[in-house]
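For clarity, every value in this text was computed on a predicted model and none was experimentally measured.
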Amino acid sequence: MAKIILPAKMENLGKLLDFVRENAIKSGLSKKDATQVIVAAEEGIINIINYAYPDSDGKVSVICEDTGDKFAIILEDQGIPFDPLSLPEPDVDLPIEDRTIGGLGIFMIKNIMDNVIYEREDDWNIFTLIKNKH
Amino acid sequence: MEITKTKRDDIDIIRIEGQLDGTTSIIAQKEIIPLVTPESKLVIDMGDCDYISSSGLRVLMMIGKQLSKEGGKGVLAKLSEEVRDIMEMTGFSHIFKSYPTLDEAIEALKKE
């Protein structure tokens, strides 16, 4: 298990994603899967940076875990309780005039990962993203 | 990420080099949106872009909406496998036509 904790700020996004990339590759994911997993991690981390701490500064922790047949990313914050999975899904078949700009991030996470779990424990949001190795 | 703009005949070619992610998409938006004028024709060359996040897709959607409002046309060229997978997953392959080479993209725009 590897863990990184940084202030939930946009300037740290690159560092957090480098950490995920490094661990995804180490776990043996294919280049294609690793790229997609980073896309999913970016969506989750940006949500925390943008919405978790509206009135204060806080931290985001990113944990990467290799369980042999799965690679898991666990995103944790102590911000306002928020279940990303509660958001409505966008209709991706609509023509451009009718498509809306929001809601894509969570849709991408759900499509990329094999399993996505949200938990609230004490004052923590815990968002677990799991990718099966093939 | 770097954006280079060139012109061939009346077609603007915008080359995106590097990653279109949460930090770089804002720059891409600022650089590309002003190019969308009535009847403009754009090719976005993504041959050297191997990563796109939802922020990048949002910028493409804004460009697409702006084009349809202004009566312009836009296509994508040279998508990498990684970017193409994400476009397909999110329905962007219906929004933008894409072509394997720059020449094919330009030809297609000329015919429209």
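For the atom pair H94(B) NE2 and L94(A) CG, the distance stands at 10.0 Å (nearest 0.5 Å). If you take CD on E82(B) and NZ on K31(A), they are separated by 4.0 Å, rounding to the nearest 0.5 Å. One distance of note links NZ of K65(B) with CG of D98(A); it measures 7.0 Å at 0.5 Å rounding. Note that the CE atom of M10(A) and the OG1 atom of T23(B) stand 6.5 Å from one another [nearest 0.5 Å]. Note that CD1 of I86(B) and CD of Q36(A) are 5.5 Å apart. Values are rounded to the nearest 0.5 Å. In this structure, CE on M108(A) lies 5.0 Å from CG on L57(B), to the nearest 0.5 angstrom.
Of all non-hydrogen atoms in S53(B) and V39(A), the two that sit nearest each other are CA-CG1, 4.4 Å. Of all non-hydrogen atoms in L13(A) and G22(B), the two that sit nearest each other are CD2-CA, 4.4 Å.
Taking hydrophobic clusters as Ile, Leu, Val, Met, Phe, Trp and Tyr residues chained together by side-chain heavy-atom distances below 4.5 Å, I32(B) does not share a cluster with L109(B). Both L104(A) and I106(A) are part of a single hydrophobic cluster, where members link through side-chain heavy atoms under 4.5 Å apart. Cluster annotation: V83(B) and M62(B) are assigned to the same hydrophobic cluster (Ile/Leu/Val/Met/Phe/Trp/Tyr, side-chain heavy-atom contacts under 4.5 Å, transitive). Following chains of ILVMFWY side-chain contacts shorter than 4.5 Å, one can reach F82(A) starting from V62(A), so the two form part of one hydrophobic cluster. In the hydrophobic clustering of this structure, M1(B) groups with L42(B); members are Ile, Leu, Val, Met, Phe, Trp, Tyr whose side-chain heavy atoms approach within less than 4.5 Å, directly or through other members.
Neither the backbone nor the side chain of I45(A) comes within less than 4.5 Å of any heavy atom of chain B. When heavy atoms are compared at a cutoff of 4.5 Å, L67(B) does not approach chain A at all. Looking at S68(B), only its side chain comes within 4.5 Å of chain A, counting heavy atoms on both sides.
One side chain, Y51(B) or E42(A), offers a donor N or O that lies under 3.5 Å from an acceptor on the other.
More than 12 heavy-atom neighbours from other residues, nucleotides or ligands sit within 6.0 angstrom of CD on E88(B). Atom NZ of K110(A) is surrounded by more than 12 heavy atoms from other residues, nucleotides or ligands within 6.0 Å. By the 6.0 Å contact criterion, NZ on K97(B) is open, its count of non-hydrogen atoms from other residues, nucleotides or ligands being 12 or less.
Not a single donor-acceptor pair under 3.5 Å links the side chain of K32(A) to the backbone N or O of D85(B).
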